[in-house]
Amino acid sequence: MLDHLGQTKRTHHCGALRTAHVGQTVTLMGWVNSYRDQGQLLFIHLRDREGITQIVFNESVNAELLAKAKQVRREFVIAITGECIARDEKNFNPVMATGEVEVAATEIKFLNDAQTPPFELENTLASEELRLKYRYLDLRRLEMQKNFRLRHKITLAVRDYLDSRGFFEIETPILTKSTPEGARDYLVPARTAPGKFYALPQSPQLFKQLLMIAGYDKYFQIARCFRDEDLRADRQPEFTQIDMEMSFVQPDDVFDIVEGMVCAVFQAAGHEVPARPFQRMPYNEAMNKYGSDKPDLRFGLEMQDLSEHFANGPFPVFADAVAKGGAVKALVVKGAATWSRKQYDEIGEHAKRHGAGGLAYIQVLENENKSALTKFLGADGITAINQAVGATVGDAVLMIGGDWETSCNALGQVRLEIARRENLTNEAENKLLWVVDFPMFEYHADDKRYYAKHHPFTSPIDDDINNLEGDLSKVRAKAYDLVFNGSELGGGSIRIHRSDVQAKIFKALGLSEAEAREKFGFFLDALSYGTPPHGGIALGVDRFAMLLAGAKSLRDVIAFPKVASGSDLMTDSPSEVDKKQLDELKIKTVEFS
RNA sequence: GGGGACGUGGGCUAGUUGGAGUGGCCGCAGCACUGUCAAUGCUGAGAUCGCGGGUUCAAGUCCCGUCGUUCCCGCCA
């Protein structure tokens, strides 16, 4: 029943035909999107990547051909040859780009049949589980094709732009060396060195720095990266970065290049191009005002600081927090005075989930201030708070006290939750900013030591280098993040190019010289052979595509993504392997109870 | 490692305080139809209510466990 393709050649895509083509003999190939059998008349909507065209078969024109065409079913792959004809005006389909024409078939070839799809490709949206199991069918959907067209445009624009600015695209190894700290590595057993392992790169960090040492000046790569950590809607274990590095630059030079590139991408994606230069905000300001190192600036609702106000005051929880070097952060929410107890409880739960001990609040009503704090502070004390934060009738004051970072973060999360609930975000607006002056180190109470907040090759700010032997929490880094609508789009830094400074950083991180040599010996050697000052950045392509596509999950812009448990539902990986494969690798598996 | 949500013919879903045959829309198959385009009309097939256990006279519904998906916390230099 199936026909051979033979020498039949496609002349047009299914989105191509217009009235200008009327009279031409055309050949289209694609999938049967739908068909309507009307007895002596049969219509097929033929679909390919570029669109849909209506094909018509008519008994009075060719009864034999109609009979053959009636065998058609959804998703069959067919080739149609016929004449492009104009439709009568009353038969125009204004929804279709090709809706003023159709193809009067003179030949139909069945190139392949198809099982009925396990879910409907149009109309209702099947569960993601099913869509991912049959991903190749899900990807046929117009919405998905739009996303991947966009993603292609993004990477194309990046390549064009960076080429025009003198960057070389250079590949770096996928099989590489495990590095301490950072995310968990994916390991690959080395058959040729039993008991030893390669690691998949968390990023090409050291390699791009080595390329600068090698004198390549400007490098980029659209690089696959791997991190063996738990997934989220915006986190996949393998993901793609636009990885860049430049020699002889300061942060401003990086910003200039990246802003140009981001604007080129917005242009290519058909979005309004953002104004330059992008806003810059120090890390401390971002945390203090927005409770996040990736603030969403599409709405206000700025946090205020009441630490001084509560210091040595009669409310023991907050006074205590301040005495221990912590902070009390406050948020004035317009119109929230009349929220129900339930609403406050829910917001309070949200705060606790993000580390707050609790949420204190004042409801500023016409005749009274309702607050659990009144019994500590008295009516005057409450009024004083309202004045300090500028709260007026109808507002609520939400407060969280504790250590500075936890309080900022928890209230920042409350800020986002309120924005979600109250619909404060203008979705049409795009807000880009640079967060700068990150701290170099962050303290982990569990391990009682400092870790590099960005990574251990990040250069401290020149003035802070002397602090490396003092208070590490005071050392700021030449690190920066690019934030897009409250998402971290990318991050980078100016790197350390001097061996003596690199040694100091390793020492500050508690890495002995022997450990540093073992893990990074090759890199320390390289630093000593004439390393130029250099720096760079990496932007998440998947996240960029997701945000520009307006998608809710990275899975919508990755062709074959993993689900939350880390498995691929289509290939059913990860999976067991043959014993023979394990033997070759000298690997034995053991049961864990 | 922890918390929340969901799981009913192929798809999406309804199913009340536990109560008679699990209902609808879409898809699928067949018939009819010369202007359809979410075609229409008629007919028909299709369900271990994720799985296992428990409570009960009676469980899709309540309880426990488990599997899968999902969102979040931890984690992600």
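Side chains included, hydrogens not; waters and symmetry mates left out as well; all remaining heavy atoms used. Just so we're on the same page: letters track the sequence lines, and every chain starts at 1.
Using C1' as the reference atom, B:rG60 and B:rU16 are 14 Å apart when rounded to the nearest Å. As rounded to the nearest Å, B:rA14 and B:rC75 have C1' atoms that lie 40 Å from one another. Distance noted for atom C1' between B:rC76 and B:rG68: 25 Å (whole Å). Taking atom C1' on both B:rG53 and B:rG46, the two are 30 Å apart, rounded to the nearest angstrom. Separating the C1' atom of B:rC28 from that of B:rC67 is a span of 30 Å, rounded to the nearest Å. Separation of the P atoms belonging to B:rU22 and B:rU36 is 41 Å when rounded to the nearest angstrom. When the C1' atom is used for both B:rU40 and B:rA47, the distance is 29 Å, rounded to whole Å. Rounded to whole Å, the C1' atom of B:rG1 lies 49 Å from the corresponding atom of B:rA45.
For residues 48-94 of chain A, the set of pairs meeting the ring-ring contact (aromatic ring centres under 6.0 Å, His included) definition, not counting sequence neighbours, is empty.
Summarising the base pairing, B:rC76 is matched to no nucleotide, lacking a Watson-Crick or G-U wobble pair whose two defining distances lie under 3.5 Å. Pairing partner, B:rG41: B:rC31, with both Watson-Crick or wobble hydrogen-bond distances short of 3.5 Å. Pairing for B:rC6 is with B:rG68, a Watson-Crick or G-U wobble pair whose two hydrogen-bonding atom distances lie under 3.5 Å. Checking B:rA47 for Watson-Crick or G-U wobble geometry (two distances, each under 3.5 Å) identifies no partner in any strand. When both pairing distances are held under 3.5 Å, B:rU16 makes no Watson-Crick or G-U pair with any nucleotide shown. Figure legend. B:rC62 is base-paired to B:rG54; pairs are counted as Watson-Crick or G-U wobble with both atom distances under 3.5 Å.
Going from atom CG of A:Leu130 over to atom P of B:rG68 covers 17 Å, rounded to whole Å. Distance A:Glu129 CD to B:rC6 P: 16 Å, rounded to the nearest Å. In this structure, CG of A:Asp228 is placed 11 Å from C1' of B:rC75, rounded to the nearest angstrom. Residue A:Glu229 contributes atom CD, which lies 10 Å from atom C1' of B:rG74 at whole-angstrom precision. Atom pair A:Leu121:CG and B:rC28:P shows a separation of 11 Å (rounding to whole Å applied). In this entry the distance linking CD of A:Gln38 with C1' of B:rC33 reads 7 Å, nearest Å. The interatomic distance linking A:Asp230 (CG) with B:rG74 (P) rounds to 12 Å, in whole Å. Between A:Leu125 atom CG and B:rC12 atom P there is a gap of 9 Å when expressed in whole angstrom units.
Annotation: A:Tyr443 is not in aromatic contact with A:Tyr451 [ring centroid separation under 6.0 Å not met]. No close placement of the A:His534 and A:His497 rings is indicated, their centers lying 6.0 Å or farther apart. Proximity of the aromatic rings of A:Phe457 and A:Phe523 is defined here by a centroid distance below 6.0 angstrom, and this criterion is met.
In the displayed structure, A:Glu422 atom CD is contacted under 6.0 Å by more than 12 heavy atoms of other residues, nucleotides or ligands. Annotation for A:Glu143: atom CD does not count as buried by contact number, only 12 or fewer foreign heavy atoms lying within 6.0 Å. By the 6.0 Å contact criterion, NZ on A:Lys70 is enclosed, its count of non-hydrogen atoms from other residues, nucleotides or ligands being greater than 12. For A:Lys294, the NZ atom sits in a loose shell: 12 or fewer heavy atoms of surrounding residues, nucleotides or ligands are nearer than 6.0 Å.
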Item to complete: Verify side-chain hydrogen bond (donor to acceptor under 3.5 Å, both in side chains) between A:Tyr283 and A:Asp481, making sure each step is shown before the conclusion.
Response: CA-CA 9 Å; A:Tyr283 170 83; A:Asp481 278 359; over 6 Å; no

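Among the atoms of the strands shown, base atoms are found under 4.0 Å from some heavy atom of A:Arg36. Contact annotation for A:Glu349: no contact, since no heavy-atom pair falls under 4.0 Å across all strands. Counting non-hydrogen atoms under 4.0 angstrom, A:Phe226 reaches nothing in the nucleic acid. At the heavy-atom level, A:Arg555 lies under 4.0 Å from the strands shown only through sugar-phosphate atoms. Across all strands, A:Asn58 comes closer than 4.0 Å to base atoms (heavy-atom distances). Backbone-only engagement by A:Ser567 is indicated by non-hydrogen atom pairs under 4.0 Å involving sugar-phosphate atoms exclusively. Across all strands shown, A:Ser60 has heavy atoms under 4.0 Å from base atoms, whether or not it also approaches the sugar-phosphate. At a threshold of 4.0 angstrom between heavy atoms, the contacts of A:Pro118 are confined to the sugar-phosphate backbone, with no base atom among them. At a threshold of 4.0 angstrom between heavy atoms, the contacts of A:Leu569 are confined to the sugar-phosphate backbone, with no base atom among them.
Residues from residues 70-78 of chain A with heavy atoms under 4.0 angstrom of RNA chain B, sorted by number: A:Arg73, A:Arg74.
For A:Gln54, taking side-chain heavy atoms from C-beta onward, the closest of the listed nucleotides B:rC26, B:rG35, B:rU70 is B:rG35. For A:Arg227, the side-chain atoms get nearest to B:rC76 when compared with the rest of B:rU34, B:rC76, B:rA29. Distances were taken from every side-chain heavy atom of A:Arg87 (C-beta onward) to each of B:rU36, B:rC73, B:rU69; the shortest belongs to B:rU36. The side chain of A:Ala564 approaches B:rU70 more closely than any other nucleotide in the set B:rC73, B:rU69, B:rU70. In the set B:rU69, B:rG27, B:rG35, the nucleotide with an atom closest to the side chain of A:Asn91 is B:rG35. The side chain of A:Phe43 lies closest to B:rG35, out of B:rA38, B:rG35, B:rG11.
In the model, A:Ser553 has no side-chain atom that pairs as donor or acceptor with a side-chain atom of A:Asp556 under 3.5 Å.
Between B:rG74 and A:Arg232, no contact under 4.0 Å exists linking OP1 or OP2 to a side-chain N or O.
For B:rG35, its base never sits under 3.5 Å from the side chain of A:Gln40 at any donor and acceptor pair.
Each of A:Gln205 and A:His45 was assigned the nucleotide of RNA chain B with the nearest heavy atom; the assignment lying further toward the 5' end belongs to A:His45. Along RNA chain B, the nucleotide nearest to A:Ser127 and the one nearest to A:Glu59 differ in position, and the one closer to the 5' end is contacted by A:Ser127.
Nearest heavy-atom pair, A:Leu231 versus A:Ala564, reported as atom, atom and distance to 0.1 Å: CD1-O, 3.6 Å.
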